[in-house]
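What follows is one structure encoded as structure tokens, with my remarks underneath.
If you read the sequence from its start, that first residue is 1, and numbering goes on from there. Fair warning: this is a prediction, and the values are worked out from it, not measured in the lab.
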Amino acid sequence: MKINPVLQKEMKIRMRGWRAAGMIGVYLIFLALTASFVMIIARQDYYRSTLDSELAMGSYIGLAVMQFVLISFIAPALTTGAISGEREKQTLDLLLCTRMTPFSIVIGKLFASISQIILLIVASLPIFSIVFLFGGISFKELLELFGFFIIIAITFGSIGIFYSCYFKRTTAANVLAYGTIAFLYFGTIFLTLMYLSAVQDFDYKGVFPLLYSNPIIGFTSLLWSQFRGGSTNFIPGFSIGSQGSGNYLSPWLINLIFNIVLSISLLLLSANKINPLKSKFKPKGRINGADKQTGK
């Protein structure tokens with residue numbers, strides 16, 4: 001199988017040292033201690049002598065929130081310097097001179113940057129599997145949560161790559177990337193509240209479509225659907241059938257589709273930005289817009 005050369009080179013550099021293994025070990029120890037702490041505190045609060053599915057669910061929610069916060073803060077920081085850093089080191093032109101396409105370079109830089117986060121997400125699967133000892137969550141639902149985490153990591157990484165391609169300085173790209181994520185988190189909620197107050201007078205029968213792009217709404221909807229047996233009444237879904245058929249697309253699935261479309265769009269725009277052959281084609285026989293013979 002042919003591996004992206006940029007990704008292969010970056011992975012060899014990152015994984016040869018002891019830092020990657022040490023980081024995974026420390027992170028898993030921290031997650032295990034957090035899960036144990038949540039279970040012990042919950043058992044003491046409810047005066048229970050044994051652990052059951054409800055206490056395990058509390059630990060599951062705590063670990064999921066921790067993973068979500070980790071991705072939100074770390075993913076953009078790892079990618080905003082991917083292309084702008086090459087510009088600062090004056091090595092981007094060397095990459096563009098290779099046989100790799102600009103899109104391959106962007107994809108390689110993206111996955112090389114977020115590989116550590118994806119590795120941490122996958123490595124934390126055994127810690128989350130503690131829930132299986134007590135019931136309350138299925139393996140399918142756990143895979144849904146981890147798939148959502150990976151898509152979110154790719155989306156935030158794509159935002160960082162996009163600004164890294166359009167700005168020469170990593171600092172500017174970093175600020176704009178976090179600003180965009182803050183808008184997705186809080187700006188969409190603010191605009192939704194303005195819309196509801198102005199148009200619907202806080203009638204929650206309808207939702208401003210922009211709210212579905214909020215990762216917090218998608219994450220909360222996913223957990224809600226897992227605990228409520230698929231019911232997501234706190235945010236109405238999107239009807240995919242005839243009116244009154246009762247077929248709705250869950251908010252977290254809508255958010256997932258939005259993230260995938262946004263990631264692909266940003267990666268294509270990033271590849272187009274660094275493409276050295278994107279200049280407009282000039283027909284032969286014309287010099288600086290003037291014909292050779294007539295000079296017009």
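- For the pair Ala64 and Phe149, the tightest heavy-atom approach, listed with the atom from each and the gap, is O-CZ, 3.4 Å.
- Within 6.0 Å of the OH atom in Tyr185, the count of heavy atoms belonging to other residues, nucleotides or ligands exceeds 12.
- The other residues sharing a hydrophobic cluster with Ile29 are Leu33, where clustering joins ILVMFWY side chains under 4.5 Å apart.
- Taking both residues in full, the closest heavy atoms of Lys109 and Glu86 are given as NZ-OE2, 2.6 Å, listed atom of the first, atom of the second, then distance.
- Taking CG of Leu96 as the reference point, atom OG1 of Thr101 lies at 10.5 Å (rounded to 0.5 Å).
- A donor-acceptor contact shorter than 3.5 Å links the side chain of Thr79 to the backbone of Gly157.
- Counting heavy atoms from C-beta outward, Leu256 and Leu222 have side chains that stay 4.5 Å or more apart.
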Worked check of ring-ring contact (aromatic ring centres under 6.0 Å, His included) between Tyr166 and Phe162 = CA-CA 6 Å; Tyr166 276 80; Phe162 173 77; 4.7 Å; yes
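- Residue Met23 places its CE atom among more than 12 non-hydrogen atoms of other residues, nucleotides or ligands, all under 6.0 Å distant.
- Nearest heavy-atom pair across Phe219 and Phe148 is N-CZ, 3.6 Å.
- Residues Ser213 and Leu184 come closest through the heavy atom pair O-CD2, 4.1 Å.
- In terms of modelled atom types and a separation under 3.5 Å, the side chain of Glu88 and the main chain of Thr170 share a donor-acceptor contact.
- When all heavy atoms are compared, the tightest approach of Ala271 to Pro102 is O-CB, 3.4 Å.
- Scanning all heavy atoms of the two residues, the minimum distance from Ala123 to Leu28 falls at O-CD2, 3.3 Å.
- Summarising the geometry, atom CG belonging to Leu262 is positioned 7.0 Å from atom CG belonging to Asn259; distances are rounded to the nearest 0.5 Å.
- In this structure Leu143 satisfies the side-chain contact (heavy atoms from CB on, under 4.5 Å) test together with Phe139, sequence neighbours excluded.
- Taken from CD1 in Ile161 to CD1 in Ile107, the straight-line distance is 9.0 Å, to the nearest 0.5 Å.
- Partners of Val122 under the side-chain contact (heavy atoms from CB on, under 4.5 Å) rule, at least two apart in sequence or in another chain, are Ile118.
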